[in-house]
Q: 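This is the structure I have questions about; it appears just below.
Quick caveat, the model's predicted, so the values are computed rather than measured.
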Amino acid sequence: ARKALTYLRIPRSLSGFRYLAVAIALAAQVPERLERITKEIYPEIARRCGTKVIRAERCMRTAIDRCWEQGNREALDQMAGYHLVKRPTNSEFIDLVSMYISKV
């Protein structure tokens, strides 16, 4: 997960980088968790990383924004398998990266 996030040029210095790495790993292990992102993934990130659910969600959104604005958009399109025309939501981003790393 960390390799994929680095490839997308999300700075490791962002808290959202770490939170996304945990979220992607959780989703890769059990893809159905994405259907319950607010009930399972966010609380687990908060527990593992010693933060609050709302902060984890916001920091991940900020990291995805950074990827969308300044990151490797070509790589993001490649991971998605099609050209993205709008910024993916947290769950869409976690899903597409977790599916990508599961295939590789």
Side-chain angles (χ1 to χ4, degrees):
R2 290 177 185 272
K3 255 185 173 172
L5 295 174
T6 302
Y7 183 54
L8 291 170
R9 293 194 205 120
I10 296 175
R12 288 177 168 267
S13 59
L14 295 177
S15 299
F17 180 95
R18 192 171 88 219
Y19 304 154
L20 281 169
V22 173
I24 291 163
L26 290 169
Q29 291 167 357
V30 183
E32 294 77 30
R33 281 185 176 135
L34 277 169
E35 297 166 13
R36 298 176 303 278
I37 191 167
T38 57
K39 298 277 187 213
E40 286 189 26
I41 293 180
Y42 291 161
E44 183 62 18
I45 293 166
R47 189 186 66 74
R48 287 188 187 192
C49 299
T51 190
K52 294 182 178 184
V53 170
I54 192 76
R55 183 167 194 271
E57 187 272 335
R58 186 182 68 239
C59 289
M60 286 191 288
R61 192 170 57 244
T62 299
I64 295 166
D65 282 342
R66 178 69 76 86
C67 174
W68 186 253
E69 301 290 327
Q70 301 168 13
N72 188 347
R73 291 279 294 279
E74 297 80 27
L76 189 60
D77 286 348
Q78 177 190 358
M79 286 181 185
Y82 58 93
H83 176 68
L84 297 166
V85 293
K86 64 181 178 105
R87 183 187 79 72
T89 64
N90 286 11
S91 58
E92 289 167 344
F93 184 88
I94 293 163
D95 183 39
L96 74 87
V97 177
S98 67
M99 293 290 283
Y100 177 80
I101 64 171
S102 294
K103 290 180 201 169
V104 175

Q: Give the minimum heavy-atom separation between T51 and R55, together with the two atoms involved.
A: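 Shortest heavy-atom contact: OG1-CD, 3.4 Å.
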Q: Closer than 3.5 angstrom, by distance alone: can the side chain of R73 be matched with the main-chain N or O of W68 as a donor-acceptor pair?
A: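 Yes; at least one donor-acceptor contact below 3.5 Å.
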Q: According to side chain to side chain contact (heavy atoms under 4.5 Å, CB included), who are the partners of Y100, at least two apart in sequence or on a separate chain?
A: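 Y100 satisfies side chain to side chain contact (heavy atoms under 4.5 Å, CB included) with Q78, M79, V104 once adjacent residues are dropped.
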Q: Restricting to non-hydrogen atoms, name the atom on R87 and the atom on N90 that form the minimum distance, rounded to 0.1 Å.
A: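 What the structure gives for the nearest pair is NH1-OD1, 4.4 Å.
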Q: Can you name the closest pair of heavy atoms from V97 and I24 and give their distance?
A: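 Looks like CG1-CD1, 3.5 Å.
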Q: Is V53 reachable from L14 through a run of I, L, V, M, F, W or Y residues, each pair having side-chain heavy atoms under 4.5 Å apart?
A: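 L14 and V53: one cluster.
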Q: So which atom in F17 and which in I10 form the shortest heavy-atom distance, rounded to 0.1 Å?
A: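 Smallest heavy-atom distance, with atoms named: CD1-O, 3.5 Å.
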Q: Would I64 and Y82 show up in the same hydrophobic cluster when neighbours are defined by side-chain heavy atoms closer than 4.5 Å?
A: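 Yes; tracing contacts between hydrophobic side chains, which count when under 4.5 Å, links both residues.
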Q: For R9 and G71, work out which heavy atoms get closest and say how close.
A: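 That closest heavy-atom pairing would be NH1-O, 3.6 Å.
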Q: Would Y7 end up clustered with I101 when hydrophobic side chains under 4.5 Å apart are linked, directly or stepwise?
A: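 They do share one cluster, since a chain of ILVMFWY contacts under 4.5 Å joins Y7 to I101.
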Q: Could you check whether any side-chain heavy atom of E32 comes within less than 4.5 Å of a side-chain heavy atom of E40, counting everything from C-beta outward?
A: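 Of all side-chain heavy-atom pairs linking E40 with E32, none is under 4.5 Å.
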Q: Shortest non-hydrogen contact from L26 to R33?
A: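 Result for this residue pair: O-NH1, 3.0 Å.
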Q: Please check: side-chain N/O of R66 versus main-chain N/O of P11, any donor-acceptor pairing under 3.5 Å?
A: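 No, the answer is negative, given that no donor and acceptor are paired below the 3.5 Å cut-off.
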